[in-house]
Amino acid sequence: MNAAFNAVSDAIRIIGNINAADAIRHRAHPKDTDMLILLLSLAVVLSLLAELAYGYLQDRYAIRWVRAEVSEHRAIMRKLGRAR
């Protein structure tokens, strides 16, 4: 039974025998690999820049919130006459 199955499967095989030399010859070109490295490094750099920008905006928001409280306090103290 196994021989009959192998005979039929060999007859309808889609992919032929693969030689090691053929596999090496059809590897990705160095140009393709360079492009992949370039895209990955660009993605990492853009991710870092986005992280820095997000941190900067969060700090800016926190400072603006503190400044609003401080300016309100300063306006109250000026109204009371205790500010210089």
Side-chain angles (χ1 to χ4, degrees):
M1 178 171 164
N2 206 9
F5 176 78
N6 285 338
V8 171
S9 71
D10 287 343
I12 60 171
R13 184 184 314 169
I14 296 171
I15 300 174
N17 291 334
I18 298 174
N19 294 331
D22 291 338
I24 291 172
R25 200 174 354 179
H26 295 292
R27 270 192 339 193
H29 297 291
K31 206 184 307 182
D32 295 340
T33 306
D34 291 344
M35 182 60 82
L36 178 64
I37 292 171
L38 178 68
L39 288 174
L40 285 175
S41 60
L42 181 65
V44 168
V45 168
L46 288 177
S47 174
L48 289 173
L49 287 175
E51 188 73 29
L52 288 173
Y54 180 74
Y56 172 76
L57 291 175
Q58 288 293 356
D59 290 344
R60 187 85 187 213
Y61 173 76
I63 289 172
R64 186 177 52 207
W65 178 77
V66 171
R67 284 186 182 161
E69 294 294 326
V70 170
S71 64
E72 182 181 340
H73 175 71
R74 189 171 183 193
I76 292 170
M77 297 309 279
R78 191 179 315 128
K79 196 84 157 173
L80 293 173
R82 297 182 186 161
R84 296 180 197 186

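From a predicted model like this one, the values you see are computed outputs, not experimental measurements. If you read the sequence from its start, that first residue is 1, and numbering goes on from there.
Membership of the apolar cluster around Val44 extends to Leu48, as traced through chained side-chain contacts below 4.5 Å between ILVMFWY residues. Grouped with Leu57 in one hydrophobic cluster are Tyr56, the linkage being side-chain heavy-atom contacts under 4.5 Å among Ile, Leu, Val, Met, Phe, Trp and Tyr residues.
Gln58 CD: more than 12 foreign heavy atoms inside a 6.0 Å radius.
Under the rule for a side-chain hydrogen bond (donor to acceptor under 3.5 Å, both in side chains), Glu72 has no partner lying at least two apart in sequence or in another chain.
Using a distance-only test at 3.5 Å, with no hydrogens or angles considered, a donor-acceptor pair links the side chain of Ser41 to the main chain of Ile37.
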